[in-house]
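The structure under discussion appears below in the form of structure tokens.
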Amino acid sequence: MAKVRTAFLVVASIVFLGSVYHHLFREELLITAEDLQVPFYTQTNAIVEDEAQEVTNQISRHVTSVANSIATVSILLPAWEVLVIVSPETPPPPDSFGSHYNCLFPNGDSSPARPSGFLSFPFRMTFKCDLPARIRRRFPFPQPILTRSLENPPEKRPPAPELLRWTFLVYDSITTENDVVLFAKGLNHRQGGGRSPNDLTCVFGDDAPNGIRTAVTTSFQEVFRCKLPEPTAVSPRALERIKISLEVSQNKRVVPSVAYYTPARKISPQQPKSLLCACTMVYNVAKFLKEWVMYHSAIGVEKFILYDNESDDDLQIIVEELIQEGYNMSTIFWIWPKAQEAGFSHCAIHASDLCTWMMYIDIDEFVYSPSWINSSNPSPQMLKSLLPRSPSLIGQVMISCYEFGPSNQKSHPVTGVIQGYNCRRRGENRHKSIVLLDGIDNSLLNVIHHFRLKQGFKTKKLGKQEVVVNHYKFQAWPEFKTKFRRRVSAYVVDWTKAVNPTSKDRTPGLGYAPVEPPGWPDKFCEVNDDRLKDLTRRWFGFESPSGYHLAWQR
């Protein structure tokens with residue numbers, strides 16, 4: 001009897017997995033092992049696409065008769081997380097963050113909906129909820145209803161549209177004076193090449209068959225540039241909010257989209273253009289931010305642009321405190337997972353009228369020159385002296401990185417990362433860059449912190465005696481574990497996947513799980529380097545009645 005029961009379970013499992021395979025790879029839902037966390041599939045960088053069938057549903061709004069429900073569109077993200085985007089035609093209620101919302105699915109299952117942040121262009125509120133376990137067992141996955149009430153749902157509801165897939169989606173856009181830039185998953189390889197622009201068309205309008213079409217001019221990574229529609233092709237009122245997507249020319253297949261075209265408005269800048277700005281992607285960095293901003297502002301960064309990858313700490317509070325103290329800062333809500341390169345491309349367009357040069361470094365990286373060691377005070381000219389004098393064909397300055405280890409720290413140092421971590425690896429690893437925004441190639445192609453330049457511009461690599469980046473990469477385990485869990489770059493390997501074991505991005509001895517390796521506090525310590533530590537104590541340290549402090553300590 002036991003053998004019969006076992007055989008039945010095996011057959012049932014095979015049938016279920018077979019249905020999963022059929023749906024994933026034959027019915028064009030474009031979901032990958034990385035998205036579903038399914039261990040028996042191997043994720044590749046190839047385009048996952050079934051040319052035989054249109055995506056089942058491209059509905060932009062989910063309208064229902066459930067009491068207190070809101071018009072939304074929903075996307076299935078990695079790890080069974082659902083992103084719910086409120087329709088731009090539905091302003092969020094005044095009590096949005098004070099009310100309890102739920103994601104209600106057609107079978108009656110529900111999960112709490114957590115307020116997640118606000119998308120702009122146009123303004124839209126977002127929520128996140130988990131896809132219930134029972135829903136995961138049967139395809140197709142339906143979109144939920146966003147509701148404040150789970151009481152007395154109607155017995156009959158319109159069929160729920162299918163969840164959009166993060167693996168095949170136009171997710172954002174930004175408009176320039178000359179074109180519109182789209183950001184899309186599922187069309188190109190992550191690390192550069194992909195479809196020819198001639199294979200794609202840009203589509204403006206909710207009604208794709210009758211939409212306005214323009215040519216795609218560049219197609220690299222997740223970034224696509226499209227020509228603008230003729231001003232007379234769309235009424236001025238419609239231009240205030242018009243859906244925009246991409247169409248594969250070969251089979252006239254339109255990629256599902258949650259992006260909108262918003263015509264560029266010429267706004268006179270209220271401030272003069274900054275010579276040097278810094279752009280970075282952040283997640284839960286409130287405890288690090290003041291140190292990073294105060295240090296780099298003192299040596300020459302005039303404006304800071306943060307792409308917030310859905311932080312849930314006190315980030316915005318710290319940003320507001322810094323603004324009140326006189327620092328020029330702004331944040332852009334960038335909820336999209338594994339989209340750091342796209343975010344940096346977006347930043348290059350967004351900041352083109354605000355900044356001349358852009359420094360792309362992470363929040364745990366600090367630019368430092370050995371020539372500053374005897375300086376009694378920092379100067380705003382320190383970083384600017386590294387830039388070429390105009391006119392010049394230098395469009396990008398590259399700086400080598402030193403990687404610092406945990407330095408025997410068990411938790412985040414109260415005095416900050418520069419004071420807390422002083423032991424590093426001997427050799428350099430990777431480079432970071434300061435880029436002339438006008439020198440960036442129209443493709444916006446970048447490899448995390450370096451951009452392809454327009455023809456005629458050159459990249460200059462600075463020597464380690466001139467300047468380095470102190471990268472406090474391997475911090476105390478509780479901090480590093482957060483980085484392990486949440487990788488924002490699509491270009492680097494996913495540490496939880498058993499691929500590319502020799503990649504320079506991997507941490508030696510770490511493996512594929514967020515489990516602290518033996519002896520972690522003493523790892524990666526080959527050279528004691530106190531130069532920046534001593535320098536910042538001189539620049540930012542002061543005595544107080546409660547003891548010695550750094551400027552960024554509360």
Side-chain angles (χ1 to χ4, degrees), residues 276-280 288 291-292 295-301 344 357-389 392-407 416-436 439 446-451 453 457-475 489 491-492 503-508 523-540:
L276 179 61
C277 303
C279 181
T280 191
F288 310 104
E291 179 181 10
W292 188 79
Y295 173 81
H296 286 105
S297 175
I299 60 175
V301 174
F344 284 175
W357 290 84
M358 183 65 71
M359 183 168 68
Y360 287 94
I361 62 173
D362 294 330
I363 207 76
D364 57 356
E365 296 171 338
F366 293 77
V367 182
Y368 158 74
S369 172
S371 65
W372 304 341
I373 195 66
N374 294 319
S375 301
S376 57
N377 293 292
S379 164
Q381 298 305 313
M382 286 177 164
L383 278 178
K384 296 171 184 176
S385 67
L386 304 174
L387 304 177
R389 296 180 180 178
S392 173
L393 294 178
I394 303 299
Q396 185 166 230
V397 175
M398 292 178 63
I399 307 172
S400 300
C401 296
Y402 282 136
E403 294 181 343
F404 282 70
S407 305
V417 296
I418 297 175
Q419 299 299 308
Y421 303 103
N422 65 339
C423 201
R424 61 171 173 84
R425 304 173 88 173
R426 188 176 305 278
E428 63 179 90
N429 186 28
R430 299 193 183 278
H431 304 82
K432 300 302 163 77
S433 63
I434 307 175
V435 188
L436 178 67
N446 69 89
V447 181
I448 308 179
H449 299 86
H450 310 299
F451 278 84
L453 300 178
F457 284 94
K458 301 178 181 179
T459 295
K460 179 181 179 182
K461 182 180 178 182
L462 301 178
K464 289 180 289 186
Q465 295 306 312
E466 296 177 85
V467 63
V468 295
V469 170
N470 278 10
H471 184 185
Y472 299 97
K473 180 176 181 179
F474 307 112
Q475 298 187 17
S489 173
Y491 182 78
V492 300
S503 169
K504 288 185 178 180
D505 185 61
R506 287 206 173 276
T507 302
K523 281 185 175 295
F524 317 114
C525 182
E526 298 173 350
V527 176
N528 285 307
D529 189 342
D530 289 317
R531 292 176 298 175
L532 186 55
K533 176 181 177 179
D534 294 340
L535 185 64
T536 51
R537 282 180 66 86
R538 184 163 69 246
W539 286 355
F540 300 100

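Remember, it's a predicted structure, so these values are computed and weren't measured experimentally.
- The two residues P370 and R531 come nearest to each other via the heavy atoms CG-NH1, 3.9 Å.
- In summary, the side chains of E466 and S371 do not present any donor paired with an acceptor at a separation below 3.5 Å, with no hydrogens or angles considered.
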Worked check of side-chain contact (heavy atoms from CB on, under 4.5 Å) between M382 and S369:
CA-CA 9 Å; M382 286 177 164; S369 172; over 6 Å; no

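- For K533, there are no side chain to side chain donor-acceptor pair (under 3.5 Å) partners two or more places apart in sequence or in a different chain.
- Taken from CZ in F474 to SG in C525, the straight-line distance is 12.5 Å, to the nearest 0.5 Å.
- Separating the CG atom in N446 from the CZ atom in F344 is a distance of 7.5 Å, to the nearest 0.5 Å.
- Although no hydrogens or angles enter the test, the distance criterion places a donor-acceptor pair under 3.5 Å between the side chain of Y295 and the main chain of V367.
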How far apart are the C-alpha atoms of I399 and H431, what are their side-chain angles, what is the distance that settles it, and do they pass the side-chain contact (heavy atoms from CB on, under 4.5 Å) test?
CA-CA 5 Å; I399 307 172; H431 304 82; over 6 Å; no

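- By the side chain to side chain contact (heavy atoms under 4.5 Å, CB included) test, S392 pairs with P388, I394, sequence neighbours left out.
- A donor-acceptor pair under 3.5 Å is formed between the side chain of S407 and the backbone N or O of C423.
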Using the side-chain contact (heavy atoms from CB on, under 4.5 Å) rule, take V469 and Y368 through it: C-alpha gap first, then chi angles, then the decisive distance, then the call.
CA-CA 6 Å; V469 170; Y368 158 74; over 6 Å; no

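- Among all heavy-atom pairs drawn from C401 and K432, the shortest one is SG-CG, 3.6 Å.
- Between atom CG of residue N470 and atom CG of residue L532 there is a gap of 5.0 Å, rounded to the nearest 0.5 Å.
- Judged purely by atom type and a 3.5 angstrom limit, S400 has no side-chain atom pairing as donor or acceptor with the backbone of E428.
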Assess the residue pair H449 and D362 against the criterion (side chain to side chain donor-acceptor pair (under 3.5 Å)); give the C-alpha distance rounded to whole Å, side-chain angles, the decisive distance to 0.1 Å, and a yes or no.
CA-CA 9 Å; H449 299 86; D362 294 330; 3.2 Å; yes

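- When atom types are taken as modelled, the side chain of T280 and the backbone of I361 share a donor-acceptor pair closer than 3.5 angstrom.
- Between Q419 and F540 there is no side-chain heavy-atom pair separated by less than 4.5 Å.
- Atom NZ of K460 has 12 or fewer heavy atoms from other residues, nucleotides or ligands within 6.0 Å.
- The ring of Y360 has its center closer than 6.0 angstrom to the ring center of F451.
- Scored by the side chain to side chain contact (heavy atoms under 4.5 Å, CB included) test, R538 finds L535 as partners (sequence neighbours excluded).
- Not one N or O on the side chain of W539 forms a donor-acceptor pair closer than 3.5 Å with the backbone of A298.
- A 4.5 Å side-chain heavy-atom check between L383 and M359 finds at least one atom pair inside the cut-off.
- Between F524 and E403, every side-chain heavy-atom pair lies at or beyond the 4.5 Å cut-off.
- Between D364 and V417 there is no side-chain heavy-atom pair separated by less than 4.5 Å.
- Contact of the L387 side chain with the W357 side chain is registered, since non-hydrogen atoms from C-beta on lie closer than 4.5 Å.
- Between the side chain of W292 and the backbone N or O of E365, at least one donor-acceptor pair lies under 3.5 Å.
- A distance of 6.0 Å or more separates the ring centres of F404 and H471.
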Begin with the C-alpha distance, continue with both residues' side-chain angles, and end with the deciding distance and a verdict on side-chain contact (heavy atoms from CB on, under 4.5 Å) for H450 and M398.
CA-CA 8 Å; H450 310 299; M398 292 178 63; 3.8 Å; yes

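- By the 30° and 60° cut-offs, the orientation of the rings of Y472 relative to Y421 is tilted.
- The backbone N or O of S379 lies less than 3.5 Å from no partner atom in the side chain of N377, so there is not a single donor-acceptor pair.
- If you take CG on D530 and CD1 on I418, they are separated by 12.5 Å, rounding to the nearest 0.5 Å.
- Judged by distance alone, the side chain of Q396 and the main-chain N or O of L453 form no donor-acceptor pair under 3.5 Å.
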